[in-house]
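In what follows, chains are A, B, ... by sequence order, proteins preceding strands, each numbered from 1. The analysis underlying the following values was restricted to heavy atoms, covering all of them including side chains, and did not include hydrogens, waters or symmetry mates.
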Amino acid sequence: MTEREAKAFFSEELLAWYRLIKRELPWRMNRDPYRVWVSEIMLQQTRVDTVIPYYNRFMNKFPTVGALAEAPETEVLKCWEGLGYYSRARNLQAGAKEVVEKYGGIVPDDKAAVAGLKGVGPYTAGAIMSIAFNRSEPAVDGNVMRVLSRYFCLEDDIAKPRTRVGIEKLAASLIPEGAAGDFNQALMELGALVCTPKSPSCLPCPVMEHCLARLEGREHELPVKTKAKKPRPELRAAVIIAGSGEHAGKMLVRRRPDTGLLAQMWELPHLLLPPEQEHLLDERAPKENAELAMLLGRMVREETGLLIRPRGWFMDADHVFSHIHWKMRFYLADLGEGLDAAAASAASMESAVAETAAAYDSGASASAAIAEGLPPDYRWIGKEDRNVLPFPNLFVRMFKQYWD
DNA sequence: AACTCGGGGAA
DNA sequence: TTCCCAGAGTT
């Protein structure tokens, strides 16, 4: 069989297979480009089953490009809470604003325009153009690279960007006339349901007959992929500060910086231990530790002017990101004597108020924050308030332990 | 090219 | 444990 015949066989059989067995998914209701767009952003590095509930919630809350463009950023992040890679949410909203401003709220049927939207890379651009507009563009993701590596017995390392470019050319040459959307989804559907990473189910595969890897008994060896490095450990100490008086039943939280890891999400005050202090969180060390309590107290005082009184260990938690492994220890604390604004040093209080006034654009929020005597990125939250501010999952789980 | 950026399901 | 998932942005 010639390569041309193998390719024709692959395209025809795969497309026919997909049209028989394709799953009903929320983003397959219709070809609304906005719906396709949102789904493709959510599906980046995220499984279908994980995305479905988020997708339904998101489309219910932001049904149109305009609705998303107008929404407060915090609400968008809150809707994304727990899904990870939060810059996707911010980029998606930035893209929505661009579509409103430049294209009247209509996603343009234009490859370059779509590819220029924030958060839309080579894969997503191809996916949107092919699925929403049925344009003949490849959409090469991890599934596609795995499927094609096996079928054509390609030994290039799929972790290298160059390999994806090569496979894009191959994938483009396989698209049947007038069926780009279905074919691209068929490739991914096969990778997700049949040609899986570890134990591919070759028997029900519609193209097994001419799959080179299968014919050579090498389906378990392909694709070739260099393995990722282990995430580096970071030891962190956090503190749950219980409020008193008007803040009784609440705890102190802060907002993370605008850029970097978990940007603009909320969290408990905590600190990263430098290497020379990592022994304080050693597994064998006592959980209660005066030096650690002092370090936490100093951090809180310097950032907020509040004086805290340590009450002991609460829980340990591990949280693994792609490249960092947080090993966290949570401590309980409450507020010390006379430790309201008046007790803080004049200098730190003055600067806190100045920062508050400067950072807040909303007059109401500014006066509220100043009245609290807290910097603008700190707040007291109660059991219900956690459903308003967006938190990374690690803290959501901690809240559950604390409040439920 | 290498690193940054979440979280979880599956083996 | 290890892998990797409908990847993109930054350096």
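Side-chain to base pairing of A:Thr50 with B:dG8: no donor and acceptor N or O lie closer than 3.5 Å to each other. Between the side chain of A:Arg88 and the base of B:dC5, no donor-acceptor pair of N or O atoms lies under 3.5 Å.
Across the protein-nucleic acid pair, A:Leu43 atom CG and C:dC4 atom P stand 19 Å apart, rounded to whole Å. The CZ-C1' distance, from A:Arg164 to C:dA8, rounds to 10 Å in whole Å. Atom pair A:Arg35:CZ and C:dA6:P shows a separation of 20 Å (rounding to whole Å applied). Atom-to-atom, CD of A:Glu267 to P of B:dG6 comes out at 12 Å; the value is rounded to the nearest Å. Between the CG atom of A:Leu83 and the P atom of C:dA6 there is a distance of 13 Å, rounded to whole Å. In this structure, A:Ile128 atom CD1 and C:dG7 atom P are separated by 13 Å, rounded to whole Å. At whole-Å resolution of the value, CD in A:Gln45 and C1' in B:dG8 are 12 Å apart. Atom-to-atom, CG of A:Leu193 to C1' of B:dA10 comes out at 14 Å; the value is rounded to the nearest Å.
Base engagement by A:Thr46 is indicated by at least one non-hydrogen atom pair under 4.0 Å involving a base atom. Among the atoms of the strands shown, only primed sugar atoms or phosphate atoms (P, OP1, OP2) are found under 4.0 Å from some heavy atom of A:Val120. A:Trp27 comes within contact range of at least one nucleobase, with a heavy-atom separation under 4.0 Å. Using a 4.0 Å heavy-atom distance criterion, A:Arg28 is classed as a base contact. Contact annotation for A:Thr124: backbone-only contact, meaning every heavy-atom pair under 4.0 Å involves sugar-phosphate atoms and none involves a base. A:Arg90 comes within 4.0 angstrom of nothing in the nucleic acid, heavy atoms only. Among the heavy atoms of the strands lying under 4.0 Å from A:Gly260 are primed sugar atoms or P, OP1, OP2 only; no base atom is included.
Note on A:His319: every side-chain N or O is 4.0 Å or more away from OP1 and OP2 of B:dG6. For A:Asn393 and B:dG8, the shortest distance from a side-chain N or O to OP1 or OP2 is below 4.0 Å. In this model, the phosphate group of B:dC5 is approached by a side-chain N or O of A:His323 to a distance below 4.0 Å at OP1 or OP2. At least one side-chain nitrogen or oxygen of A:Lys229 sits closer than 4.0 Å to the OP1 or OP2 atom of B:dC3. The side chain of A:Arg47 contributes no N or O atom lying less than 4.0 Å from OP1 or OP2 of C:dG7.
Between A:Glu219 and A:Arg150 there is no salt bridge, since no side-chain nitrogen of the basic residue lies less than 4.0 Å from a carboxylate oxygen of the acidic one. For A:Glu267 and A:Arg236, the salt-bridge test fails: no basic side-chain N is under 4.0 Å from an acidic carboxylate O.
Each of A:Asn91 and A:Lys225 has a nearest nucleotide on DNA chain C; the 5'-most of these lies closest to A:Lys225. Nearer the 5' end of DNA chain B, as judged by each residue's closest nucleotide, is the contact made by A:Pro392, out of A:Pro392 and A:Ser199. Place A:Arg162 and A:Val320 on DNA chain B by their nearest nucleotides, and A:Arg162 ends up nearer the 5' end. Where A:Tyr123 and A:Lys227 each meet DNA chain C at their nearest nucleotide, the meeting point lying more 5' is that of A:Lys227.
Across the C1' atoms, B:dG6 and C:dC5 are found 12 Å apart, a figure rounded to whole Å. Here the separation of C:dA6 from B:dC3, taken at their C1' atoms, is 23 Å to the nearest Å.
Note: A:Phe399 and A:Trp403 have tilted aromatic rings, judged against thresholds of 30 and 60 degrees for the angle between ring planes. Between A:Phe152 and A:Phe10, the ring planes are tilted. Angles from 30° to 60° get that label.
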* Asked: Could you go step by step and tell me if A:Phe321 and A:His323 meet the ring pair (Phe, Tyr, Trp, His ring centres under 6.0 Å) rule?
  -> CA-CA 6 Å; A:Phe321 303 96; A:His323 55 303; 7.1 Å; no

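A:Trp80 and A:Tyr85 have their aromatic ring centers separated by at least 6.0 angstrom.
For the atom pair CD of A:Glu278 and CD of A:Glu234, the computed distance is 9.0 Å after rounding to the nearest 0.5 Å.
Picking from C:dC3, C:dA8, C:dC5 the nucleotide with the shortest atom distance to the side chain of A:Gln44 gives C:dA8.
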